[in-house]
Amino acid sequence: MTAVDRSDVTVAAPAAQCAGLPWGSWVMGAVVAFLCVTPFVLVIAISFGQKVEGAGWEWSFTWANYQRFFVGALWPEEVTFLHVQRLWYSLYYAVIAAVLAVLTAFPFTYLLTRQSRGTQSRWLVFILASLSLSEVFIVMGWDVLLSNRSGLPMLFETSGLTDWLKRTGWFDVLREWGLANPRNVKFKTSEFATILTMSYLVWPYAVILLYPALSRLDRSLTEAARTMGAGPLRVMTTVILPTVKLPLIGATLLLFVFLMGSYVTVVVFAEPAKQTTAVAVYEAVRGSTLNAPFGAAQAVILLLTAAVFLGFAQILTKRSESL
Amino acid sequence: MSGLSLKYIRKTYGDIRAVDNVSLDFAEGGLTALLGPSGCGKTTLLRMIAGLEDPSAGSISLAGQDITRLAAHKRKFGMVFQSFALFPHLNVSDNVSYALTIAGTPRGQAAARAKELLDLVQLSAFADRRIGDLSGGQRQRVAIARALAQEPDVFLLDEPMSALDAKLREDMQVELRQLQQRLGITTIVVTHDQHEAMTMADSIVVMSQGRVEQMGTPQTIYHNPENAFVADFIGKANFFDGVIEGGNVRLGDRLLRVDPPANFIEGAPVRLAVRPEKADLADTTDSSNRLPARVTFVRDVGPVRDIHLETPIGRMVVAYALSELDQPFHIGDDLHVTLPAGAIHVFPRPADEQAAA
């Protein structure tokens, strides 16, 4: 009797597995695939559609939207690079802001990992909490801070710093950089303010991304280097940076891709001539120009650009690993 | 004199004294083992010598120069870490030549020196390998070669064998000792393994609770322990508590003769230690220290036989080389054991255990 019971159990268990789990996972997989893939497929499909003047758009298969992006709407009579230029600004802001965030977050995170457990926890909780601030909230804060009437420029003027800059000749340099008008310094609108705010926006992410790698860094590696004659700077350049090279590249890439889609910061701080593709996409889909197929084409190009960069980084990483 | 000398070194972490008033002179070209249980302060002491920790008090000098506050990278002390701390982003050869590269030695010259050192540790065929591709023993050799590259004034090793398996450990102990003797470099090894210390060291420093308990040659430490801790930590010993009576020791109704007579005041509480191999089961004429005993357990440990006995003064273990005594022992056998007067070590009983006794 016992033997029979046991055989029942052993037969029943695989049967239950066959009957229950695969179907469940098939359904789950289908739902996830539907939710993940459908929006992308729709955007790609719409990017081949065409705008109907005065109405919406219609399904079609035309490369016109992509052609317009690279050479302008009037090609072949006239060639314009307005949209390529916007893509360039997307890349330009995102690369510099991501690199700046990682470069400044790195020393901070490294020093953080050298602190006591309690201190580390308090800082990490604070940094995680700051992630809850939305982009709109942060941009609003920086908008006030950098505004000509009430922010830093006013402080420069009332404290006499502007006069000092004028006397020492630095004011002319700032004007060349587009950071001053004839009367006072100005940060809005400027590349400086755009990049600074973008960097600020992702700085906590940079810390969170670098923290695991740096806290795992074996302290005896740096100590070994010290006993072999390496001073602090040499330890940093010959041991720490090479050891955490991959996490550094990874964090920079992730922030770069994230920043490619920045919208509010660019709208508020970038000059009208230096707006990005992300802003243009929104304008085309919901804003003034209202051309969904062209907006979709720009979104696809932005996505592909990010993918190309990620692929390129992957190749670089593989190559450095095999060396 | 190598000139490496520690004077009244102390290291405190809050209320905890990790190293307490340690003064030591290290013999030039000799190998000294810092030996003690976990948490006795031996690694902290080594790290202070390396310059990786600052002493709370005291001074460290090398060839008469005070180096107490000298940064680690200016000391020119080679160190092998417990985890070996090899750089994963460099290959074997680049790891070994790291110190030379840092010092600005031309690349070719540094590579040649690395090759020479890898020859020394028999790893020349591995120069281009990645660290991840090496076994534990090979990693240790690379770590040793790397620490020797800068021709250090003092060679420091922190538990260098702890990551190796037992067989490899034995081989490496001999190999490291031979290498050290060939190079004649002043070496300090931290270990918690007494066998390792006895195998390699010219001199052993036994530490406990941040203090030096005894310093001496392995033979001195083993045969003439200065206190009960050393007798217990180095080798095995049978311990008995008694009181002094006329230069001998009374344990209950037995009076054990000790030679030379114990230099304690009359009635002082003491602790006796007898090495298992010194107790004698063969008939002897020393009848004063002859005790009746009953065998409670017998085990053969390789070449040695341990015989556990119950005696009127307490339990003890007697060890015999198997070739030395082929008499069979069985549990329950009644016999006599003699504790030779010259083999009994008498120590003051630790103060915290006197009240309990």
Side-chain angles (χ1 to χ4, degrees), chain A residues 102 106-107 109-111 113-120 209-253 313-323, chain B residues 13-14 43 46-47 49-53 70-91 94-105 110 128 130-132 139 142-160 163:
Chain A
V102 170
F106 176 74
T109 316
Y110 179 71
L111 290 176
T113 58
R114 308 289 106 172
Q115 307 300 314
S116 69
R117 280 265 161 231
T119 311
Q120 289 187 38
L209 287 169
L210 293 176
Y211 181 80
L214 284 171
S215 63
R216 270 201 311 271
L217 187 71
D218 184 357
R219 196 180 278 205
S220 65
L221 290 181
T222 57
E223 289 178 342
R226 282 165 65 198
T227 60
M228 285 185 281
L233 194 65
R234 275 304 182 91
V235 172
M236 182 56 78
T237 55
T238 61
V239 178
I240 299 170
L241 284 176
T243 312
V244 296
K245 186 174 62 184
L246 292 183
L248 276 177
I249 295 174
T252 312
L253 276 174
Q314 183 79 6
I315 293 168
L316 272 185
T317 310
K318 282 240 171 80
R319 192 173 291 176
S320 74
E321 268 179 343
S322 65
L323 280 178
Chain B
Y13 298 101
T43 294
L46 190 83
R47 289 173 60 80
I49 295 171
L52 298 173
E53 304 264 359
L70 193 67
H73 66 278
K74 293 181 179 161
R75 288 197 187 192
K76 211 174 161 227
F77 286 7
M79 181 154 171
V80 173
F81 289 76
Q82 193 170 359
S83 63
F84 306 142
L86 297 171
F87 303 134
H89 59 285
L90 299 179
N91 68 18
D94 290 342
N95 259 282
V96 174
S97 60
Y98 179 84
L100 304 173
T101 315
I102 288 293
T105 310
D128 297 326
R130 294 172 65 86
I131 296 303
R139 284 177 199 207
V142 176
I144 290 170
R146 186 179 71 167
L148 292 173
Q150 57 177 334
E151 294 178 1
D153 294 330
V154 180
F155 187 27
L156 308 169
L157 300 101
D158 183 13
E159 304 262 12

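Sequence lines set the chain letters: A, B, ... in the order given, protein chains first and strands last, and positions in each chain run from 1.
- Taking 4.5 Å as the limit, every side-chain heavy atom of B:Phe87 sits out of range of all side-chain heavy atoms of A:Thr243.
- Looking at heavy atoms from C-beta onward, B:Pro88 lies in side-chain contact with A:Leu221 at the 4.5 angstrom threshold.
- Across all non-hydrogen atoms, the minimal contact from A:Arg226 to B:Gly51 is NH2-O, 3.8 Å.
- Just one of B:Met79, B:Lys76, B:Gln150 meets the side-chain contact (heavy atoms from CB on, under 4.5 Å) condition when paired with A:Met228; it is B:Gln150.
- The distance from the CG atom of B:Leu52 to the CZ atom of A:Arg219 is 11.0 Å, given to the nearest 0.5 Å.
- In this structure, A:Thr252 has no side-chain hydrogen bond (donor to acceptor under 3.5 Å, both in side chains) partners at least two apart in sequence or on a different chain.
- The backbone N or O of A:Ala225 sits nowhere less than 3.5 Å from a side-chain atom of B:His73 that would complete a donor-acceptor pair.
- Of all residues in residues 98-105 of chain B, those placing a non-hydrogen atom less than 4.5 angstrom from a non-hydrogen atom of chain A are B:Tyr98, B:Ala99, B:Thr101, B:Ile102.
- Contacts between B:Leu86 and chain A at a heavy-atom distance below 4.5 Å involve the backbone alone (N, CA, C, O).
- Counting only distance, with no hydrogens or angles, the side chain of A:Glu223 and the backbone of B:Ala72 share no donor-acceptor pair below 3.5 Å.
- Both the backbone and the side chain of B:Arg146 come within contact range of chain A, judged by heavy atoms closer than 4.5 Å.
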